[in-house]
Protein chains: 6
Amino acid sequence: MSLTHFDAAGQAHMVDVSDKADTDRIAVAAAHIRMLPETLALIQDGTAKKGDVMGIARLAGIMGAKKTADLIPLCHPLPITKVTVDLTPDPDLPGLRIEAMVKTTGKTGVEMEALTAASTAALTVYDMCKAVDRGMEIGGLHVRLKDGGKSGRYEAGTDQGA
Amino acid sequence: MSLTHFDAAGQAHMVDVSDKADTDRIAVAAAHIRMLPETLALIQDGTAKKGDVMGIARLAGIMGAKKTADLIPLCHPLPITKVTVDLTPDPDLPGLRIEAMVKTTGKTGVEMEALTAASTAALTVYDMCKAVDRGMEIGGLHVRLKDGGKSGRYEAGTDQGA
Amino acid sequence: MSLTHFDAAGQAHMVDVSDKADTDRIAVAAAHIRMLPETLALIQDGTAKKGDVMGIARLAGIMGAKKTADLIPLCHPLPITKVTVDLTPDPDLPGLRIEAMVKTTGKTGVEMEALTAASTAALTVYDMCKAVDRGMEIGGLHVRLKDGGKSGRYEAGTDQGA
Amino acid sequence: MSLTHFDAAGQAHMVDVSDKADTDRIAVAAAHIRMLPETLALIQDGTAKKGDVMGIARLAGIMGAKKTADLIPLCHPLPITKVTVDLTPDPDLPGLRIEAMVKTTGKTGVEMEALTAASTAALTVYDMCKAVDRGMEIGGLHVRLKDGGKSGRYEAGTDQGA
Amino acid sequence: MSLTHFDAAGQAHMVDVSDKADTDRIAVAAAHIRMLPETLALIQDGTAKKGDVMGIARLAGIMGAKKTADLIPLCHPLPITKVTVDLTPDPDLPGLRIEAMVKTTGKTGVEMEALTAASTAALTVYDMCKAVDRGMEIGGLHVRLKDGGKSGRYEAGTDQGA
Amino acid sequence: MSLTHFDAAGQAHMVDVSDKADTDRIAVAAAHIRMLPETLALIQDGTAKKGDVMGIARLAGIMGAKKTADLIPLCHPLPITKVTVDLTPDPDLPGLRIEAMVKTTGKTGVEMEALTAASTAALTVYDMCKAVDRGMEIGGLHVRLKDGGKSGRYEAGTDQGA
C-alpha cells in the first residue's frame, strides 16, 4: 500500500491522469457547524428578515468548489458542471448541517471539490456569526458519496459527523 | 443581539473597520483528521522515506491562510505577518491533530485566517491519502485563542474537537 | 496634460505612491442594468420567494471589489476597510440601480474598487437573468463621489447614467 | 418563467450542464466609454508616442475573460479557445467603442466571458485616464451575438448602447 | 515570418485554437540556480534534518504550473493532467538543476506550463535561501522537449543552460 | 548558519515580521532572454507596426509582481507602491535585457516581487515568440539592488547574467 501522490523516491507529484477516460463523476460531502442555540435562532430568524447567513454561506461554498485546484497543491484542475450546497438547521446539534454535491465530466473525481465547498460554507457561517459566538465548531466533514470513474461507487456507511 | 455583517435592513456588507487602530493580533485554530490506523502508519512512515504528507499539508495550510479574503466573502484583506501550521500524529484518534497560528498588525482579527489554514491543511491530508482511505473525517475545527484588538483575549475552555 | 500611468518615454508603469500619506479615502460608484419589465418583476418577486438575485449580485460586487488589483493591470493593491453594494429596483428604467461604496486607509484612492464592485454586481444580475432576457444592458457606470487624499473631493454633478 | 440559477425552493446553485454536448460556441459583447474630447485626443495621440492606453486595455480585457468564473458566482469554468478585444475611437461619443469576442468548445455559452472582457477593458481605460478626466462613463454593455449550443443564435437588433 | 499572438493590424489577441484537435501533449523545461557552495551544502543538509528546501520548491513549481494562464497574458487555460518537478544538486554549478514535466490532453502545447513550473521552483529556492546568499542567480531556463500537436516533436540539442 | 524559513525542528513557516518597522524598501532584479537574431529583429520591428511584444511583456511583469505572494509559498503579502519593468534590445546577446524595480512601505523586502516581475516578463516574451523560435533561453535572473530595512543596502558586484 502506498500513496499515489508520491513517486518511487517519495517525491510529491501531480498524478498522471492522461490515460483516464472522461467519464461523468459525482461526489457528495457533508459537514456540520455546532453553535449556541441562540446563534442558530438568530440565523433562522435572520433568513426571514435580518440577513441571510445561509444564502451567503451557500454561495461561498459554490465559489469555493471552483477554487479547489488553487487551494489543494496536488489537485488537478477540473471543469465542474454542477454544484449545489445545502444548509439545514438542526436544533439537536444545535447548528447547521451542510451538504455539497459536485459533478464533472472529467478524468478524476470531484470529492475534493465537494469537501472544499462544504468546508468553505462552514467557515463562512463561522465568519458571519463569530461576533456573537466564538465557540462554534466545525466537524463531521467527510465524503458521503463518490461515483463515476474506474474505482467505482463509494458510499459512507452512516453520517459519522454527529 | 445582531450579526455585524448585515446592515439595519438585513443586507450583507463588509463591516467598516476604518476607525479601528492597527494593533498586533494573533489567532490560533485547531482541527483534527481521523483515519484508519494503517493510514496514520503510512503517513508516519512516509515522512521518513515515502513522501512527506505532513510537510505538504503544512505548506498548503500556510498558503491557504493567504487566500482567506478570497474564499470568505465578507472577510477583509489583511497583511499577514506570520503563519505556522503544526501537524501531530495522535494514535488515539487515530489521525493527525492540526494547529495553525496567524499573526498580523491590522484593523481586524485573524481567526478566519487561522481556521482557513487549519482547514486547508486537513483537506490536503485527505487529498493525499484518499486513495487508501476514503472514510477519513475532519472535525474539531475551532478557534483556540484570539488576542489583540478591542474585544480582548478569547481562549477556548478545552479542546472540543476530540 | 499627460497620463500618469506612463513614464516620459511612454512606457506603462505602476505609479509611485511611496511618498503619499496613508489617509482615509472613500469612493462611490453607480451603474444601472436595463431589462424587460417582466424580468424586473421576476427579480422583485424572486427576492421574496424564488431566489435572491439582488442578494447574490450584492455579494459578487463586494467580492469583486477585493479583486480589483488583480483585474486592472496598473492598480495598486489596497487594504479595503469597508464595502457596501446596494441594488434598487427602478420601474422607470426598467431595471436595477446599483451603488457601490468602498473605503480604505491607504496611499491611493478607491474609485477603481467602487467601479469594479458596481460592474461585477451588474454582470452577476445579467448572468442570473440571461436565460429569460438576453437583451439586458449595463450602463451609467461612473464615479459619483471620491474623497480623501491630496486631490480633494470630487462629486459628479448629476447622475449621468440614466 | 423562472430563473435557472435557483432550484424549486429558491436556493442558488450552479446549473447542471453535465448532459449538454461539447459544441463550438461564440459570443460577442460591446460597450463604450464616454470621455472629454481632450481625453480622447490624448489617448489617440498616446498610442503613437505617449503611452498605449488602448493596447493595455485590450490586454486587460483578454485577461479579464479568463477570470470570469472567478468573478461571477454561478458561472461555470470554461476552457476559452479564443479572445479578441477591439477598441475604436469614436469622436461622436466622444470616447472609445469596445467589442470583445470569445470562443470555446464546451457545454455552456461564453457571453459572460465576452461581457467581462469588454467591461474589464473599459474599466482599465477609466483607470489610465482618471487623473485627467474623472467624469468618464461606461455604458452600452450588452451581448451583441451569441451562437452555438441548444438555444440557437441570438443577435441584438441594434447597438442599444449609444 | 510573423508572430501568431498579433492579428494583421498588430493587435494582440488570444490565438484561436477552436479547430485544433484534443491530443496528448507533453513538455519538459529545465533551469538551474547557482549559489555559494555553503548554500548548497545547507540545502543538502537541510533535506535531511533542517528543512526541506527542495521539497517546498517542488511543490511551488507544481502549483505554479496551474497558475500559468493567470500569469502569461495570452496563454490559453488548459486542463493539466500531470506535473512533476525534479531538483538535483550539482556541485559543479554549484547549485540545483531543475526539470519540470507537464502533460495535458488539449488543443495547445504545455511548454509555458513547464517553463512556469521550473521558474517558480527556482524562485522559491531563492526565497528560502536569500537570507544566507543574496547573490544566487537563476539561468538556463529553456524548453528541453515538446511533443504532441500538429507542429511535431521538438528537442533541444544540448543543455544550453550551464 | 541556518535558513530562516524553518523553525528549530526543520518545519517550514512564514517568518514572523510582526516586530519589524514599516520602512521604505526597494529592490531591482535583472534577467535576459536570448534568441535568434531574426527573432529580435521581429520584436524590434513589431514594436513599430506588427505587435508590441515588449509592451505586453512589461505589463505582464508588472501584474506578475502583484501575484508574488500567491506564487511563492512562504512570501508575505505586501502593499506594493511602485513597479517598473524595462526591456531593452541587446544585439550582442542577441535578445532582450529586462530590469524590474519594485518599491513598498512595509515590514519585509521586495526582492521576490522584483524577481517575479522580471521572470514573468521574460516568460511572456517566450510565449509570444515561441512559434518562430523555440530555442530561446532565459538567464541571468538575479537581484541587482536591495535597500531599506534592517539588513541594509545590497548591490550585486557586476551583472552576472551575461
Side-chain angles (χ1 to χ4, degrees), chain C residues 1-7 10-12 15 31 34 38 42-43 46 49-53 55-56 59-60 63-64 67-68 70-75 109 111-112 115-116 119-120 122-124 126-132 134-143 146 151 154 156-157 160-161, chain D residues 1-7 10-12 15 31 34 38 42-43 46 49-53 55-56 59-60 63-64 67-68 70-75 109 111-112 115-116 119-120 122-124 126-132 134-143 146 151 154 156-157 160-161:
Chain C
M1 194 164 72
S2 70
L3 299 175
T4 52
H5 282 95
F6 299 99
D7 64 18
Q11 317 289 33
V15 177
R34 264 205 203 98
E38 304 88 281
L42 207 58
I43 291 174
K49 64 173 183 284
K50 280 195 201 150
D52 185 8
V53 170
I56 291 173
L59 206 65
M63 298 181 83
K67 292 181 203 294
T68 305
D70 198 35
L71 272 180
I72 310 298
L74 301 175
C75 242
E111 62 267 52
M112 291 317 301
L115 287 166
T116 302
S119 168
T120 306
L123 289 168
T124 300
Y126 189 97
D127 181 48
M128 305 201 77
C129 300
K130 68 183 190 294
V132 300
R134 282 158 166 175
M136 286 174 288
E137 181 183 315
I138 295 165
L141 178 58
H142 72 287
V143 174
K146 171 175 150 52
S151 61
Y154 165 79
Q160 306 149 341
Chain D
M1 194 163 70
S2 69
L3 300 175
T4 53
H5 282 95
F6 299 99
D7 63 19
Q11 317 289 33
V15 177
R34 265 206 201 98
E38 304 88 280
L42 206 59
I43 290 175
K49 64 174 185 286
K50 283 197 201 148
D52 185 8
V53 170
I56 292 172
L59 207 64
M63 297 180 83
K67 293 182 203 293
T68 305
D70 198 36
L71 271 181
I72 310 298
L74 301 175
C75 243
E111 62 267 52
M112 291 316 301
L115 288 166
T116 302
S119 167
T120 306
L123 288 168
T124 299
Y126 189 96
D127 181 46
M128 304 201 76
C129 299
K130 67 182 190 294
V132 301
R134 282 158 167 174
M136 286 174 289
E137 182 183 314
I138 295 166
L141 178 59
H142 72 287
V143 174
K146 172 176 150 53
S151 61
Y154 165 80
Q160 306 149 340

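Lettering follows sequence order; numbering is per chain, from 1. Worth saying up front: this structure is predicted, and the values here are computed from it rather than measured.
Minimum heavy-atom separation, C:Ala12 to D:Ile56: CB-CD1, 3.4 Å. Heavy atoms only, all atoms of each residue included: C:Tyr126 and D:Val143 are closest at OH-CG2, 3.0 Å. Across C:Asp52 and D:Phe6, no two heavy atoms sit closer than the pair N-CE2, 3.2 Å.
In this structure, CD1 in C:Ile138 is found 10.5 Å from CD1 in D:Ile138, a value given to the nearest 0.5 Å.
Each of C:Asp127, C:Leu123, C:Thr124, C:Leu74 has some count of heavy-atom pairs under 4.5 Å with chain D, and the biggest count is that of C:Asp127. Put simply, of D:Thr4, D:Thr116, D:Leu115, D:Val15, the one with the most heavy-atom pairs under 4.5 Å next to chain C is D:Leu115. Ranked by heavy-atom pairs shorter than 4.5 Å toward chain D, the options C:Met63, C:Lys130, C:Glu111, C:Arg134 are led by C:Arg134. Between chain D and the options C:Pro73, C:Ala131, C:Cys75, heavy-atom pairs under 4.5 Å are most frequent for C:Pro73.
Of the atoms belonging to D:Ser119, it is side-chain heavy atoms, and not backbone ones, that fall under 4.5 Å from chain C. Of the two parts of D:Thr68, neither the backbone nor the side chain holds a non-hydrogen atom closer than 4.5 Å to a non-hydrogen atom of chain C. Interface remark: D:Met128 contributes backbone and side-chain atoms alike to the contact with chain C (heavy atom separation under 4.5 Å).
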Dump the intermediate steps for side chain to side chain contact (heavy atoms under 4.5 Å, CB included) on C:Leu71 and D:Lys67, then the final yes or no.
-> CA-CA 8 Å; C:Leu71 272 180; D:Lys67 293 182 203 293; 3.6 Å; yes
